[in-house]
Chemist: 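Okay, here's the structure, questions in a sec.
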Protein chains: 2
Amino acid sequence: MSKSLINIAILEPSQIITEGLSNILLKTGTYSKIFKIDSLNEFNTKLFGSQIDIAIINPNQIQNKLKEFSLLKKSLPNTLWTGLVYTFFDQTLLAQFDKIINITDSPESIGELIHKIKNADYHSVTGNEIEQLSEREIEVLKLLIKGLSNKEIGDKLNISIHTVISHRKNISQKTGIKSQAGLTIYAISNKIVQIEDYLT
Amino acid sequence: MSKSLINIAILEPSQIITEGLSNILLKTGTYSKIFKIDSLNEFNTKLFGSQIDIAIINPNQIQNKLKEFSLLKKSLPNTLWTGLVYTFFDQTLLAQFDKIINITDSPESIGELIHKIKNADYHSVTGNEIEQLSEREIEVLKLLIKGLSNKEIGDKLNISIHTVISHRKNISQKTGIKSQAGLTIYAISNKIVQIEDYLT
DNA sequence: AAAAACATCCCCTTTAATAGGGATAGAGGG
DNA sequence: CCCTCTATCCCTATTAAAGGGGATGTTTTT
């Protein structure tokens, strides 16, 4: 891949970030053309046929669209799929990307990204499956994180406290996490709960 | 306040965001001068004597510097203190600002901000004091969130379990949060712990 | 100098969670 | 049809936490 003009697609809802990133990319001195897009499927419409070398994507945009994203990666194997992270995201989500750049990265390190793509080939990796919690277990987990006791959870779900304890045992086994704090972080990072809902 | 040139200070560690925001502010068509700064105290050094009309600040930058920020607001009462939010923050932290803009806000709504400042006076409000946790309490909280028991925390800090329990009682009283899950979320949203450290 | 906050330690009682051990019934896939 | 997973329920013993009550000495603030 020895070409001097690089095509970069940016999928990011914040115009502030899109503007800033474009500027910094253009300032790296490499000749690049930047396409700003609003959704994943614009890769197949607006950008169809273009050879996109780097796609920079807000991970939120592939949330709940993992299959679509997988297909896209297969249909565009020569693209470097990059996640743009400015808050914490689920690790399994980030694992879908070939590379991660952070909003606080310096222009220099972003410049390096461009440099590398000119000199190397990247191979898309498929993320690992995590052991899924069942629906009921997730219900229990959500209430658990609200700080409810086993008994309160049972009352709320109309099941006995023993069932709740069973579910909790299974949750702990599946996740390997024993403490409530750890489970809270697990639930947040896996988007089972939104942290915003817990801020008063 | 009927002046055409507006001075804007931006305190934001991400260069991507600073770049993007500057661009959008300049594109609003108003004549504004933008100062990029790296810390709160540059208001008293680099910017000393300048009439800053709008300060746009990443709330992280005032975390643990609430007193300094309060004094600053008092010494610069004609400045509009604006928080730039791109992830969740503690609400009490956001209450310290006169105004909040979000990273996903459109250029138009940011332009409105500039427009308003030209036609109105803003009065700085002093935010409520957050009841601060003591150093020791924060140490205990951090270990608590790792899932350690009271006894383990005591062993780690070389204090008796009774002291740990005392600290926990005080933490609960100060924050009003009883459950470990709630405290975890409190600690994350107050940047006492980084959620990234807990992702395996 | 007095008051407030902090850090340390101790006691008691009640309530909840943990860690084992189970059982049963239904749904779904191979 | 068998096996696995899920959801439900139960028991016992041990450990931990919650919620009260204090006390003492040291900083820090007013």
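First the proteins, then the strands, lettered A, B, ... as listed; each starts at 1.
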Chemist: How sharply is the helix from C/dA1-D/dT30 to C/dG30-D/dC1 bent, taking the axes over five pairs at either end and rounding to 10 degrees?
Modeler: 60°
Chemist: Could you list the residues that satisfy side chain to side chain contact (heavy atoms under 4.5 Å, CB included) with A/Asn44, not counting sequence neighbours?
Modeler: A/Leu72
Chemist: Test of understanding: with salt bridge (charged side-chain N to carboxylate O under 4.0 Å, His left out), list the residues that count as partners of B/Glu139, not counting sequence neighbours.
Modeler: B/Arg136
Chemist: What pairs with B/Lys151 under side-chain hydrogen bond (donor to acceptor under 3.5 Å, both in side chains), at least two apart in sequence or on another chain?
Modeler: B/Asp155
Chemist: Who pairs with B/Lys156 by side chain to side chain contact (heavy atoms under 4.5 Å, CB included), at least two apart in sequence or on another chain?
Modeler: B/Leu143, B/Leu148
Chemist: Check this for me: does any side-chain nitrogen of one of A/Lys146 and A/Glu152 sit under 4.0 Å from a carboxylate oxygen of the other?
Modeler: no
Chemist: For chain B and DNA chain C, what are the first and last nucleotides along the strand, 5' to 3', with at least one atom under 4.0 angstrom from a heavy atom of the protein chain?
Modeler: C/dC6 to C/dC10
Chemist: With A/Ser172, which residues qualify under side chain to side chain contact (heavy atoms under 4.5 Å, CB included), at least two apart?
Modeler: none
Chemist: At a heavy-atom distance below 4.0 Å, what parts of residues 153-168 of chain A sit against DNA chain D?
Modeler: A/Ile159, A/Ser160, A/His162, A/Thr163, A/Ser166, A/His167
Chemist: Mind checking side chain to side chain contact (heavy atoms under 4.5 Å, CB included) for B/Ser179 and listing every partner two or more places apart, or none if nothing turns up?
Modeler: B/Ala181
Chemist: Figure out the CG/C1' separation between A/Asn170 and D/dA7, and round it to whole Å.
Modeler: 9 Å
Chemist: Does B/Asn150 have any side-chain hydrogen bond (donor to acceptor under 3.5 Å, both in side chains) partners at least two apart in sequence or in another chain, and if so, which?
Modeler: B/Arg168
Chemist: Please report, rounded to the nearest Å, how far the P atom of D/dA16 is from the NZ atom of B/Lys178.
Modeler: 23 Å
Chemist: Quick one: side-chain hydrogen bond (donor to acceptor under 3.5 Å, both in side chains) partners of A/Glu42, sequence neighbours excluded?
Modeler: none
Chemist: For A/Asn102, check side-chain hydrogen bond (donor to acceptor under 3.5 Å, both in side chains) against everything at least two apart and list the hits.
Modeler: A/Thr104
Chemist: D/dA16, OP1 or OP2 - any side-chain N/O from B/Asn150 closer than 4.0 Å?
Modeler: no
Chemist: Rounded off to whole Å, could you give me the NZ-to-C1' distance for the A/Lys169 and D/dC11 pair?
Modeler: 10 Å
Chemist: Hydrophobic clusters here meaning ILVMFWY residues chained together by side-chain heavy-atom distances under 4.5 Å, can you tell me if B/Leu40 and B/Ile100 are in one?
Modeler: yes
Chemist: Specify the separation, in whole Å, of atom CD of A/Gln173 and atom C1' of D/dT4.
Modeler: 15 Å
Chemist: Nearest-Å distance, NZ (A/Lys151) to P (D/dC9)?
Modeler: 13 Å
